[in-house]
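Reviewing the structure listed below.
Any value given below was found using the heavy atoms of this structure, including those in side chains, with hydrogens, waters and symmetry copies removed.
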Amino acid sequence: MREISLDMVRVTEAAAIAASGWIGSGDKKAADKAAAEAMRKRLNTIDFKGHVVIGEGIKDESAGLFAGERVGKADMKQGKVYDLAIDPIEGTRPTVNSGPEALSVLAVADKGSLFSTHEFYMKKLAYGPQIAKHVRLSIKDTLKKTVEQVSRVTGKTPEKIVVCLLDRPRHEKWVGELRRIGVRIKLIQDCDVSAAIATCLSDSGIDLLCGIGGAPEGVITACAIKCLRGGFQAQIMRKDGQTQPEVYGLDEFVKGECVFAATGITNGSLLRGVRYTSEGPVTSSVFMRSSSGTVRWLSSYHGN
């Protein structure tokens, strides 16, 4: 995948800049449309062939870049085709409400490599490389057992372990159990992709992410965590709210190599949002490659 370059960062930069024009607007559909159109336009300037496997839009009734869409300016009938998992705005609500942590994200892998599902939600468990190196946690274990394993590996007592969840009614029982265990809990309103990535960053303070979140975001998350050498597992949630028994890990979500790119739209713990100067917008991005484990943090200045 060496031929997949930093052009992918230019794609997320374009979407983030377009989305930033709608920060605080309250107009989710307009923000989604602007970001998706900017992402599509930039993708179509790159000399490659891409097939969107995971996209947003249907679940949120947004403009979207949809599964099955072809992008790139190379001839689709010849040469290599890549799978894409994309989200022009991961965090539409915080974007239009001037909230934190909104990103534009993109993952690329060889054709046939990325997991795909028609379901909307997944039960997820994410953790960092320090834990993944020593133990393979199980999403089927009780929260108590999982916290005990994390405590042994990290040397932290439970009250020093931070577990992150989306602040949703469906997690009330989880929050109650975690409070009985005695861990610290970080509840987030949106954007579990950046929260899952944070488990892999030693200075983030987050040890685990768990709970039920979007399925498209789960595939994108798996690509990022594979690059960061962390751990990630998920189970598909059916429309009736039941959890399917199969457990999917990184190798099921991403068969082989991948790259991941993200650009901040609003300020967050992972990336700064788009800032405007007299010379033009400034973006903060990250680009990761699973084959080498390389992580590049980028500040880019865009002319008027």
Side-chain angles (χ1 to χ4, degrees), residues 59-60 87 90-94 97 99-101 115 117-128 130-132 135-154 156-200 204-222 224-225 230-250 252-253 268-270:
K59 174 164 66 73
D60 297 324
D87 195 348
E90 151 60 355
T92 308
R93 181 167 58 177
N97 292 336
E101 305 289 355
F115 182 86
T117 177
H118 295 296
E119 301 294 349
F120 292 160
Y121 294 103
M122 291 177 180
K123 178 183 175 184
K124 308 173 187 178
L125 176 67
Y127 48 97
Q130 180 187 2
I131 298 169
V135 64
R136 190 174 192 272
L137 301 181
S138 173
I139 197 169
K140 290 188 173 183
D141 284 341
T142 63
L143 289 172
K144 185 175 187 296
K145 181 177 179 179
T146 298
V147 170
E148 288 173 348
Q149 289 178 300
V150 171
S151 180
R152 284 197 299 271
V153 169
T154 62
K156 295 181 179 180
T157 55
E159 62 269 18
K160 293 181 180 179
I161 292 171
V162 178
V163 182
C164 185
L165 305 91
L166 285 166
D167 189 5
R168 299 289 189 272
R170 60 180 177 260
H171 291 149
E172 286 181 1
K173 290 184 178 180
W174 297 42
V175 170
E177 184 175 352
L178 288 166
R179 284 175 175 159
R180 287 190 292 273
I181 294 168
V183 301
R184 298 164 64 193
I185 300 171
K186 180 179 177 65
L187 293 173
I188 57 174
Q189 296 301 315
D190 298 279
C191 307
D192 65 349
V193 172
S194 59
I197 292 171
T199 67
C200 297
S204 73
I206 297 176
D207 299 289
L208 292 170
L209 175 131
C210 62
I212 298 167
E217 292 85 351
V219 177
I220 294 168
T221 296
I225 289 184
F232 182 74
Q233 296 176 29
Q235 292 172 287
I236 304 299
M237 304 294 296
R238 299 196 303 260
K239 291 181 175 64
D240 62 6
Q242 296 301 306
T243 304
Q244 294 184 6
E246 296 85 358
V247 175
Y248 300 97
L250 288 177
E252 286 76 40
F253 279 113
S269 56
L270 182 65

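Heavy-atom neighbours of Lys173 NZ from other residues, nucleotides or ligands within 6.0 Å: at or below the threshold of 12. Within 6.0 Å of NZ in Lys123 there are more than 12 heavy atoms belonging to other residues, nucleotides or ligands.
Gln235 pairs with exactly one of Lys140, Gln244, Glu246 by the side-chain contact (heavy atoms from CB on, under 4.5 Å) rule, that one being Lys140.
Using a distance-only test at 3.5 Å, with no hydrogens or angles considered, a donor-acceptor pair links the side chain of His171 to the main chain of Ile212. In this structure, the side chain of Glu101 engages the main chain of Ser269 through a donor-acceptor pair within 3.5 Å.
Listed by chain and number, the residues in a side chain to side chain contact (heavy atoms under 4.5 Å, CB included) with Asp141 are Ser138, Lys145, Thr146, Gln149 (sequence neighbours excluded). Taking Arg179 as the reference, nothing meets the side chain to side chain donor-acceptor pair (under 3.5 Å) condition, with sequence neighbours excluded. Glu148 meets the side chain to side chain contact (heavy atoms under 4.5 Å, CB included) test with Lys144, Arg152; sequence neighbours excluded.
Rounding to the nearest 0.5 angstrom, the gap separating the CD1 atom in Ile185 from the CG atom in Leu187 is 6.5 Å. Going from atom CZ of Phe232 over to atom OH of Tyr248 covers 13.0 Å, rounded to the nearest 0.5 Å. Here Leu178 contributes atom CG and Cys164 contributes atom SG; the two are 11.0 Å apart, rounded to the nearest 0.5 Å.
Between Arg184 and Glu159 there is no salt bridge, since no side-chain N of the basic residue sits under 4.0 Å from a carboxylate O of the acidic one.
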